[in-house]
Amino acid sequence: MLKNKTALITGGARGIGRGIALKMAENGANIALVYRGSQEQANKTQLELTDLGVKAEIYQCDVADFDATKKLVQDVIKDFGTFEILVNNAGITRDKLLIAMKEDDFDAVINTNLKGAFNMTKHAGSHLLKKRCGRIVNISSISGMMGNIGQCNYSAAKAGLIGLTKSSAKEMALRGVTCNAIAPGFIKTDMTDALKPEIIEKILKNTPLNRFGSIEDIANMCVYLSSDLAGYITGEVIKIDGGLYI
Ligand code: NAI
């Protein structure tokens with residue numbers, strides 16, 4: 001579905017980002033994978049990707065750093081010639097009740113989850129606009145739609161990401177670039193594996209499909225939104241949450 005396309009994916013070395021990269025590679029896309037910290041993990045994912053027969057390069061970059069993201073996009077264009085897909089997946093949490101939250105907890109989450117997506121959309125977006133085609137997929141969260149106790153920083157960033165998605169969609173549509181968001185609910189990852197049993201029980205009780213989502217559930221939608229099949233979908237926010245927020 002993505003043959004002859006190149007995807008630039010942030011936070012792609014592990015978790016949901018890694019799953020998206022692997023699914024896109026299975027569908028024929030070359031992958032420019034952005035990681036922040038663990039080069040070892042990034043190398044491992046790079047090998048898994050090249051084993052699927054596609055070109056894959058890794059780039060160390062903090063998406064919150066405006067100048068670094070500009071250079072990142074230049075480097076990807078140098079290595080691949082071009083790219084068609086941007087996935088803004090990099091994200092962090094620093095959960096605390098608002099009353100206990102430090103200024104730095106708020107700033108760090110906004111800077112990575114929201115400003116990071118702005119930085120990437122600005123620099124990668126100008127390349128896509130020149131090409132007059134492209135796909136941007138932002139990984140938001142249902143926390144950004146319904147709020148969540150202990151996550152005022154994260155919910156604000158993920159709600160902001162939905163605003164960024166909708167405005168980018170309107171600005172870029174006439175140049176053939178679509179921009180959509182995916183809002184996952186609880187997905188089975190290291191993050192959710194660490195939840196206390198009583199919290200898991202409560203989440204499942206409120207989830208009509210009565211299970212956590214899988215990384216594949218998110219990756220499949222990401223492939224679809226990045227493909228030619230989704231050419232008439234833009235500015236959309238697609239919840240993948242088992243019905244948790246209906
Ligand atoms: P994760 O912590 O396993 O992966 C996040 C990735 O982002 C890591 O590879 C990390 O190195 C990278 N990253 C963090 N800060 C960065 C920065 N400043 N610059 C570059 N890369 C950076 O998390 P997971 O669970 O895979 O989440 C991926 C995305 O999905 C995040 O945006 C998260 O908010 C979102 N999400 C996850 C849900 C879940 O249930 N796991 C639910 C809803 C949304």
Side-chain angles (χ1 to χ4, degrees), residues 8-21 32-42 45 58-73 75 86-125 136-168 179 181-196 199 203 215 218 222 237 241:
L8 170 49
I9 304 171
T10 67
R14 68 162 199 230
I16 292 174
R18 170 179 165 274
I20 292 169
L33 196 84
V34 183
Y35 70 98
R36 183 185 51 175
S38 169
Q39 186 173 358
E40 203 182 314
Q41 219 160 27
T45 306
I58 56 170
Y59 303 85
Q60 197 282 326
C61 178
D62 178 351
V63 295
D65 182 333
F66 185 83
D67 294 334
T69 53
K70 185 172 182 186
K71 178 166 184 311
L72 164 71
V73 170
D75 289 345
L86 167 66
V87 182
N88 284 313
N89 164 79
I92 57 168
T93 51
R94 290 233 195 142
D95 297 357
K96 277 189 189 79
L97 294 177
L98 188 145
I99 295 299
M101 190 170 286
K102 303 235 164 50
E103 185 182 7
D104 182 53
D105 296 323
F106 191 83
D107 290 347
V109 170
I110 296 288
N111 284 340
T112 293
N113 298 18
L114 180 56
K115 187 179 167 232
F118 163 75
N119 291 343
M120 291 301 301
T121 304
K122 180 174 166 64
H123 299 309
I136 300 173
V137 181
N138 293 325
I139 308 300
S140 179
S141 165
I142 54 155
S143 288
M145 303 177 84
M146 61 191 279
N148 199 15
I149 291 172
Q151 290 199 315
C152 69
N153 50 359
Y154 184 78
S155 303
K158 293 300 192 181
L161 188 53
I162 290 173
L164 177 69
T165 302
K166 292 183 178 182
S167 294
S168 306
C179 185
I182 294 174
F186 289 90
I187 305 301
K188 200 167 163 20
T189 58
D190 294 348
M191 188 178 92
T192 50
D193 281 348
L195 290 172
K196 290 188 186 126
I199 304 277
I203 293 166
I215 288 177
I218 309 303
C222 205
V237 184
D241 68 347

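For this chain, numbers begin at 1 and follow the sequence in order.
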Practice task
Any chance you could lay out the side chain to side chain contact (heavy atoms under 4.5 Å, CB included) test for Thr189 and Arg14, step after step, and finish with the verdict?
Solution key: CA-CA 10 Å; Thr189 58; Arg14 68 162 199 230; over 6 Å; no
Practice task
Report the C-alpha distance between Lys122 and Thr69 in whole Å, list the side-chain angles of each, state the deciding distance to 0.1 Å, and finish with yes or no for side chain to side chain contact (heavy atoms under 4.5 Å, CB included).
Solution key: CA-CA 9 Å; Lys122 180 174 166 64; Thr69 53; over 6 Å; no
Problem - Ile92 vs Arg36, side chain to side chain contact (heavy atoms under 4.5 Å, CB included): CA-CA, chis, key distance, verdict - result: CA-CA 11 Å; Ile92 57 168; Arg36 183 185 51 175; 4.2 Å; yes
Exercise for the section: Show your reasoning for whether side chain to side chain contact (heavy atoms under 4.5 Å, CB included) applies to Val137 and Ile20. Expected result: CA-CA 11 Å; Val137 181; Ile20 292 169; over 6 Å; no
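Here the shortest heavy-atom pairing between Met101 and Arg94 reads CE-O, 3.9 Å. For the pair Val63 and Ala90, the tightest heavy-atom approach, listed with the atom from each and the gap, is CG2-CB, 4.1 Å. When every heavy atom of Ala157 is checked against every heavy atom of Val109, the shortest pair comes out as CB-O, 4.1 Å. Across all non-hydrogen atoms, the minimal contact from Thr192 to Phe186 is CG2-CD2, 4.0 Å. Smallest separation of non-hydrogen atoms from Gly144 and Lys158: CA-CB, 3.8 Å. In plain terms, the two heavy atoms of Ala21 and Leu33 that are nearest each other are CB-CD1, 3.8 Å.
The CD1 atom of Ile110 sits 11.5 Å away from the CG atom of Asp105 when rounded to the nearest 0.5 Å. Here the CG atom belonging to Asn153 is positioned 8.5 Å from the OG1 atom belonging to Thr93, to the nearest 0.5 angstrom. Rounded to the nearest 0.5 Å, atoms CD1 (Ile139) and CG (Asn113) are 12.0 Å apart. Here CD1 of Ile16 is found 12.5 Å from CD1 of Ile9. Values are rounded to the nearest 0.5 Å. From Leu161, atom CG reaches atom CZ of Phe118 across 13.0 Å, with rounding to the nearest 0.5 Å. Note that OG of Ser167 and CD1 of Ile162 are 12.0 Å apart. Values are rounded to the nearest 0.5 Å.
Checking side-chain atoms of Asn89 against main-chain N and O of Thr10 turns up a donor-acceptor pair under 3.5 Å. Judged purely by atom type and a 3.5 angstrom limit, Thr45 uses its side chain to pair as donor or acceptor with the backbone of Ala13. Checking side-chain atoms of Ser140 against main-chain N and O of Ile182 turns up no donor-acceptor pair under 3.5 Å. In this structure, the side chain of Ser155 engages the main chain of Ser143 through a donor-acceptor pair within 3.5 Å.
A 6.0 Å sphere centred on NZ of Lys96 holds more than 12 heavy atoms belonging to other residues, nucleotides or ligands. More than 12 heavy-atom neighbours from other residues, nucleotides or ligands sit within 6.0 angstrom of CG on Asp193.
Counting only heavy atoms from C-beta outward, the side chains of Tyr154 and Asn148 never approach each other to under 4.5 Å. Annotation: side chain of Val34 is in contact with side chain of Leu8 (closest heavy-atom distance under 4.5 Å). Residues Leu72 and His123 have side chains not in contact (no heavy-atom distance under 4.5 Å, counting atoms from C-beta outward).
Using a cut-off of 4.0 Å between Lys/Arg side-chain N and Asp/Glu carboxylate O, Lys71 and Asp67 are scored as not salt-bridged.
With respect to Thr165, the side-chain hydrogen bond (donor to acceptor under 3.5 Å, both in side chains) criterion is satisfied by exactly one of Asn88, Thr121, Asn138: Asn138.
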